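Bear in mind that the values here come from a model prediction, so they are computed numbers and not experimental data.
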Amino acid sequence: MASEYNFVWFNGDTRMGLQQKGMHGAWASRWTFIMAATGSAVGLGNMWKFPYVAGSNGGGAFVLVYLGCILLIGVPVMMAEVLIGRHGRQSPINSMREAVTDSGANAQWQVVGWLGVLAGMLILSFYSVIAGWALDYIFLISSGDLQGVNGAAASAKFSELLSDPSRLIMWQSVFMVLCVAVVVGGVKKGLGIAVETLMPLLFVMLLLLLVFSILKGNFSAAVNFLFSFDLDALTWRGILEAMGQAFFTLSIGMGAIMAYGAYMPQDANIGKTILIVALFDSSVAIISGLIIFSIVFATPGIEPTEGPGLMFISLPVAFGSMPGGLLIGAIFFVLVSIAAWSSAISLLEPCVAWLMEAKNIGRARANIVIAGTAWVLGLGSVFSFNIWADYKVAGFNFFDFLDFLTANIMLPISGLLITLFVGYVLKKDVIDVEMEGTSPQLLALWQMTIRYIAPSAIAVVFIMGVYDKFFV
Ligand code: PHE
């Protein structure tokens, strides 16, 4: 039995060594874990999705619910994932298997690991396509082609990109190669060094853009928009979106954080560390929102409710009309690309780690197989914007389908299962070891959230989300 093989392989004589450091290695320090997890969390979700979803849902009220979800559902689930990962010190699939075996639980719980890795692979396939848009826009903005464009011209430029499969495939490929280049280097030299370099750079660029938006944009309108808690603007649907966004932005339910947890130093306090990551992630989302809305509100004729095109249509109009805007615009898209890059490597890593364990092959080969598969799958998303645009099943094109399947089906199910597993099934000893050093009050608070609050909230989101989609 294949599972038997893995189990023996990882629980042989080297088990003592693996306690501190799995076969894939470990982060150099707690700080590297924080950078890596923040790198995973901060991505297209913060810069592309958060502002437009907040914009379409009335701003402040949405932001309040979103932050509530991060704290009440996101943080506890993220802690649970890291806990399982660090206990197993392997890919999510095998860490989950180990947690299940150690708890003497039903083997079917292992589906959590599989769901996570599979979702990661599917997300990687379309994520790399969208990240490719951001890469393309660095050059498009720099070329000066967007100088002084109005909404219609910017929209035409965006459609031009989407309708050109070879241009999309080129950028998707470039992005995938960038990801492989990092992950092939392994945990310490590849991922570790990449996040330690990229994340500070990202923060510097973000602050630079923030200063620009304060000086040149309509900053007070942006603050008003994001922080005026007008509860009337809140709809049930907005609450659901806020919750889904909290999941996606923290990279939970997909194995990414479980995989990164497997490389976390044993002496790092999980609760404190995860709170820092969640704080960084939310701050980046809010700062991105402030930047984008300051610029949007300073440009007449552009609405915050623009939707997914907010970043690729509205922003170029705004940048194209401001002095120095093109340079700032190029920096903005470099920033988005870096954020997407440090997220995508966390989608690649769990799958690569699993393949290395399962097939006993080297990191380079595992990378090629996984990235190659995700790349081929990504072609489906590329074509869904042009030559396959008319092929729809139940109203979904290929890209919409993958987006919906992962974010609205796989992710909540896997998140729910994680809360139930850690809340009710996982052996107490494992929790005690991993949560050592946490005050009894905080531990009790976390356990209460993971047992009652998070699972019921996720269940409601899931049921309402699916109901909303198919029956309303
Ligand atoms: N959190 C990332 C973002 O906000 C997306 C992501 C999801 C990355 C799952 C890794 C795993 O863009």
Side-chain angles (χ1 to χ4, degrees), residues 30-31 33-43 45-46 49-50 62-87 92 112 116 199 239-262 264 268-287 343 346 407 411-412 414-424 426 430-431 434-462:
R30 181 175 92 115
W31 182 246
F33 171 84
I34 294 178
M35 289 294 97
T38 307
S40 169
V42 171
N46 305 57
K49 208 165 171 204
F50 172 76
F62 175 91
V63 175
L64 184 66
V65 177
Y66 164 81
L67 292 176
C69 292
I70 296 262
L71 214 57
L72 285 180
I73 304 173
V75 170
V77 172
M78 206 172 184
M79 287 168 64
E81 277 199 37
V82 170
L83 192 156
I84 297 172
R86 192 168 71 175
H87 170 68
V112 174
M199 296 323 286
I239 298 178
L240 299 183
E241 288 204 36
M243 229 172 313
Q245 175 63 13
F247 256 97
F248 187 77
T249 190
L250 289 178
S251 307
I252 48 184
M254 292 126 163
I257 291 301
M258 207 184 277
Y260 275 10
M264 187 184 189
N269 181 303
I270 293 182
K272 273 190 211 151
T273 310
I274 291 308
L275 272 176
I276 296 177
V277 173
L279 189 74
F280 277 155
D281 182 66
S282 317
S283 313
V284 174
I286 303 251
I287 295 176
S343 293
S346 77
L411 186 147
S414 136
L416 180 62
L417 291 177
I418 288 171
T419 58
L420 296 178
F421 180 75
V422 174
Y424 297 96
L426 185 63
V430 175
I431 298 186
E434 295 302 332
M435 297 301 282
E436 208 188 281
T438 306
S439 75
Q441 293 87 342
L442 274 182
L443 194 62
L445 185 67
W446 172 68
Q447 276 180 321
M448 194 181 80
T449 356
I450 206 88
R451 281 197 181 144
Y452 309 109
I453 303 176
S456 28
I458 300 168
V460 171
V461 177
F462 182 64

What residues, two or more places apart in sequence or in another chain, satisfy side chain to side chain contact (heavy atoms under 4.5 Å, CB included) together with [X]?
X: I276; result: R30, I34, F280
X: L411; result: F247, M254
X: L420; result: W109, L416, Y424, P455
X: I287; result: L206, L210, I291

Has the side chain of [X] got a donor or acceptor atom that lies under 3.5 Å from a matching backbone atom of [Y]?
X: E434; Y: I84; answer: no
X: N46; Y: T249; answer: no
X: S343; Y: G39; answer: yes

Step by step, would you call V63 with I286 a side-chain contact (heavy atoms from CB on, under 4.5 Å)? CA-CA 9 Å; V63 175; I286 303 251; 3.8 Å; yes
What residues, two or more places apart in sequence or in another chain, satisfy side chain to side chain donor-acceptor pair (under 3.5 Å) together with S40?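 Side chain to side chain donor-acceptor pair (under 3.5 Å) check on S40 returns S251, S346.
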Residues forming a side chain to side chain donor-acceptor pair (under 3.5 Å) with S414, sequence neighbours excluded: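 None.
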Residues that Y66 engages under ring pair (Phe, Tyr, Trp, His ring centres under 6.0 Å), provided they are two or more places apart: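 With sequence neighbours excluded, Y66 shows a ring pair (Phe, Tyr, Trp, His ring centres under 6.0 Å) to F50, given in chain and number order.
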Counterpart residues, ring pair (Phe, Tyr, Trp, His ring centres under 6.0 Å), relative to F62 (two or more places apart):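 Result, ring pair (Phe, Tyr, Trp, His ring centres under 6.0 Å) vs F62: none returned.
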Check residues 70-83 and write down every donor-acceptor pair under 3.5 Å in which the side-chain atom is one partner and the other belongs to a residue at least two apart or another chain.
from	atom 1	to	atom 2	distance (Å)
E81	OE1	M258	N	3.3
E81	OE2	G253	N	2.5

Considering all heavy atoms, the nearest [X]-[Y] contact:
X: P412; Y: F462; value: CB-CD1, 3.8 Å
X: I418; Y: V112; value: CG1-CG1, 3.5 Å
X: G423; Y: I450; value: CA-CG2, 3.9 Å
X: L67; Y: S282; value: CD2-CB, 3.9 Å

Determine which pairs satisfy side-chain hydrogen bond (donor to acceptor under 3.5 Å, both in side chains) with at least one residue from residues 442-455, sequence neighbours left out, and list them in order.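 Those involving residues 442-455 do not exist here.
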Could you walk me through whether T273 and M264 pass the side-chain contact (heavy atoms from CB on, under 4.5 Å) test, one step at a time? CA-CA 10 Å; T273 310; M264 187 184 189; 3.8 Å; yes
